[in-house]
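This report concerns only the one structure given below.
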Amino acid sequence: MTAGQDPGVYISPAQMYQEVRGLAQTVGRIESKIDGILDDTKDIRTDLSDHEQRLRSLERGRWPLPTLGALTGVAGAAAGVIALIR
């Protein structure tokens with residue numbers, strides 16, 4: 001071998017196989033974690049939909065309150081004006 005040549009690196013087939021097996025195991029663990037995360041987000045979406053429905057039902061039940069308050073205020077003002085006129 002001359003001084004200018006690079007001897008390179010030799011990776012045996014056994015070493016390559018071990019690396020590929022290690023990567024396959026790592027990818028398997030990542031896949032299982034992602035599956036768990038996806039299941040959790042599915043539960044979160046279900047909970048969010050349920051909360052949204054509950055909020056909408058509460059909002060529908062509350063709309064008469066401001067309307068009744070406004071009507072009461074107008075009726076009070078009208079009664080005051082009638083009392084002043086008479």
Side-chain angles (χ1 to χ4, degrees):
M1 184 177 342
T2 62
Q5 289 182 338
D6 183 14
V9 176
Y10 175 75
I11 300 174
S12 71
Q15 289 173 322
M16 185 64 72
Y17 177 75
Q18 289 300 323
E19 285 296 319
V20 170
R21 291 294 299 156
L23 286 173
Q25 290 172 352
T26 302
V27 168
R29 286 193 305 268
I30 291 171
E31 283 178 339
S32 66
K33 288 180 181 181
I34 288 175
D35 288 341
I37 290 170
L38 289 175
D39 288 342
D40 290 346
T41 58
K42 196 179 303 180
D43 293 340
I44 290 170
R45 284 187 300 237
T46 303
D47 289 347
L48 181 64
S49 175
D50 179 51
H51 288 305
E52 189 70 27
Q53 290 174 352
R54 293 167 79 190
L55 281 172
R56 296 290 178 225
S57 67
L58 286 172
E59 288 171 347
R60 276 191 305 260
R62 289 189 56 153
W63 76 266
L65 296 177
T67 304
L68 290 174
L71 290 175
T72 304
V74 169
V81 168
I82 290 173
L84 286 176
I85 293 175
R86 291 186 181 198

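With sequence neighbours excluded, the residues satisfying salt bridge (Lys or Arg N to Asp or Glu O under 4.0 Å) with E59 are R56.
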Atom pairs and distances, side-chain donor-acceptor, residues 38-50, under 3.5 Å, sequence neighbours left out:
from: T41; atom 1: OG1; to: I37; atom 2: O; distance (Å): 3.4
from: T41; atom 1: OG1; to: L38; atom 2: O; distance (Å): 2.8
from: T46; atom 1: OG1; to: K42; atom 2: O; distance (Å): 3.0

List, one per line, each side-chain donor-acceptor pair under 3.5 Å for residues 16-24, sequence neighbours excluded.
none

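One finds the CG atom of D35 at 7.0 Å from the CD atom of E31 (value rounded to the nearest 0.5 Å).
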